[in-house]
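Structure first, commentary second.
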Amino acid sequence: MSIPSTEPRTVIILAAGQGTRMKSTLPKVLHRIAGASLLVHAIQSVLPLSPERIVVVVGHGREQVESEVRARFGDLVTFAVQSQQRGTADAVRAAIPMIPYSSTEVLITYGDCPLVPTSLLKQLLDERAQSVARVSVATAEISDPTGYGRIVRDVRGHVTAIREHKDCTPAEREITLINAGLYAMDRAFLERGLAAVSSDNAQGEFYLTDLVAMAARESERASAGAGCIEVRGRANLLRGINDRVELADAEVSMLEIIHDRWRRAGNTIARGARIECDVVLEGDVTVAQGAVLRGKTVVRTGSVVDVGCILEDAIVDVNVLLKPYSIVVQSEVGARAQIGPFAHVRPASVIGEDAHVGNFVELKKTRMGRGAKANHLAYLGDGVIGERANIGAGTIFCNYDGFQKHTTTIGEGAFVGSNSSLVAPVTIGDDAYVGSGSVVTRDVPSGALAVGRARQEIKEGYVARIRALKKKP
Ligand code: UD1
Ligand code: CA
């Protein structure tokens, strides 16, 4: 992958920290909300800015973090390694050699902030470019600012410093305007500033936030305007995730954003449904409560996904009815098909147009032709079912002989009577019939009837005889 047309800017995303408060073996930025990791969301939000390069600073759990990012973005993302986590300025320093010569501005974000709107990042870049400020910083008013860096301003309202919570005076702790951890900076200033940062503070770390005070001092000396400008954002979108309570809250917000986007695009989505970030709804789709749509699922126009359905990497064509509690995984459902309730469509299945798959029917790697029906209680594994074929209740495709899987082929318009076992490999010809309760081990020619069951016997007067025998004298 390559970025088509770019702006002279580089984005640095910090993701080297361990995230101790998550209490997890998984690096913090790989924890997931709404179907993707925190870091993937953070990267997604900078893509529309067309940067020349995106550098992710990795450290803790670096192999895992890199492979997750590569799997999704290929070489669209460059990595820098911070071997010891000595603070956010130290992390940015690790990324400096990766910045292309042509990038004159740098956007810095944190990998644990998944909800940041691209519009806010754009505003950070634009407002800085249009002013003399060397830095712009995203801020938010927050009722409980504990743990955040506070925005310190002078009487004119110019930002003069960011003070980390642990370094604040009691008066500064009262400040409720916080640093969200997103900055646009002039590239030359960034390099100059990083060289001057010290670790003389409460945590003994190199703080990136010290660059704000430097920018303020530089422009003060030059009697220019503000050295750092702030761009206000909404607190609930700018929160960093530090523990699993915040993770859960962020997921609620993320799902609400995703659902509202699809609602505005003309889909009905009940509260309590869950549509993850890569799903596509093509309009006039209805998703009921408790339905979960995951992965690269696509649902086309007019389809209904009823209560409790689970779709994962499913392609659902137009006007399909997915009745309650049906599961479709890595499979396709054709136009106007009806599935469920309680159907289980397992990977590599293709259900034809107008086909019906009823309750307690399980398919695996099975193609069902147009208008074919399996309305109740069946296991259809490794099958090819012709158009208009009718599969009776209790039919089993015996696809596994203990060693290998074999295919069952059902011809067009064929009729498989209830409770039949078709022992694969086996073929039922077009328009053939299989008598109810048959065990079919040999191919059935087109138009033939196969009956493979014990012949019924009638014993006249049996009951009376047996009663007479059992009667005690
Ligand atoms: C940071 C800010 C604080 C701000 C808050 C917003 C600093 C000094 N403080 O504090 O002003 O209010 O974010 O959420 O910047 N990281 C590295 N390497 C390191 C340290 C951190 O890559 O050596 C990464 C972490 O993985 C994380 C991000 O930087 O993605 C922020 O680090 P974190 O330790 O969470 O910073 P805060 O203490 O929350
Ligand atoms: Ca944080």
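Note that ligands are numbered from 1 as they come in the structure, with each ligand's atoms numbered from 1 the same way.
For ligand 1, the atoms closer than 4.0 angstrom to any heavy atom of Ala15 are 22 (O), 26 (O). Taking a cut-off of under 4.0 Å to the non-hydrogen atoms of Gly111, the atoms of ligand 1 that pass are 30 (O). Under a 4.0 Å criterion applied to the non-hydrogen atoms of Ala91, ligand 1 contributes the atoms 17 (C), 18 (N), 22 (O). Near Asp112, meaning under 4.0 Å from one of its heavy atoms, ligand 1 places the atoms 27 (C), 30 (O), 35 (O). Applying the 4.0 Å criterion to heavy atoms of Ala180 picks out, from ligand 1, the atoms 6 (C). In the vicinity of Arg86, heavy-atom distances shorter than 4.0 Å reach the ligand 1 atoms 23 (O).
The one candidate from Asp167, Asp200, Asp90, Thr88 that meets the side chain to side chain donor-acceptor pair (under 3.5 Å) condition with Tyr207 is Asp167.
The CD atom of Glu105 sits 6.0 Å away from atom CZ of Arg128, with the distance rounded to the nearest 0.5 Å. To the nearest 0.5 angstrom, Ile12 atom CD1 is 9.0 Å from Met185 atom CE.
Distances between N or O atoms of Glu164 and those of ligand 1 include at least one value under 3.5 Å. Some N or O of Leu14 is nearer than 3.5 Å to an N or O of ligand 1, by distance alone. For ligand 1, the polar-atom distance check finds no N/O of Thr209 at less than 3.5 Å from any of the ligand's N/O atoms. At a 3.5 angstrom cut-off on N or O pairs, Tyr148 does not count as close to ligand 1. The shortest N/O to N/O separation between Gly17 and ligand 1 falls below 3.5 Å. Some N or O of Ala16 is nearer than 3.5 Å to an N or O of ligand 1, by distance alone. Where the criterion is an N or O separation shorter than 3.5 Å, residue side chain and backbone included, Gly149 meets it with respect to ligand 1. Note: no N/O pair closer than 3.5 Å links Tyr207 and ligand 1 by distance alone. Polar contact check, Gly87 against ligand 1: a nitrogen or oxygen pair lies under 3.5 Å apart.
In summary, the side chains of Glu230 and Thr139 do present a donor paired with an acceptor at a separation below 3.5 Å, with no hydrogens or angles considered. For the residue pair His158 / Arg153, no side-chain donor-acceptor distance below 3.5 Å is found, with atom types taken as modelled.
Here Gln82 has side-chain heavy atoms under 4.0 Å from ligand 1, and that is the only part of it that gets that close.
Residues Glu251 and Arg274 are paired through a salt bridge, judged by an N-O separation under 4.0 Å between the basic side chain and the carboxylate. With respect to Lys296 and Glu312, no salt bridge is recorded, no charged nitrogen being found less than 4.0 Å from a carboxylate O. Salt bridge absent: Glu68 and Arg72 never bring a charged side-chain N and a carboxylate O closer than 4.0 Å. Taking a cutoff of 4.0 Å between a charged side-chain nitrogen and a carboxylate oxygen, Asp354 and Arg336 qualify as a salt bridge. Here Glu205 does not pair with Arg86 in a salt bridge; the nearest charged N to carboxylate O distance is not below 4.0 Å.
Nearest heavy atom pair, residue Ser5 against residue Ser50, reads O-CB, 3.3 Å.
Ligand 1 lies nowhere less than 4.0 angstrom from a heavy atom belonging to Ile178.
Of the candidates Asn179, Asn242, Thr109, it is Asn179 that places a heavy atom closest to atom 4 (C) of ligand 1.
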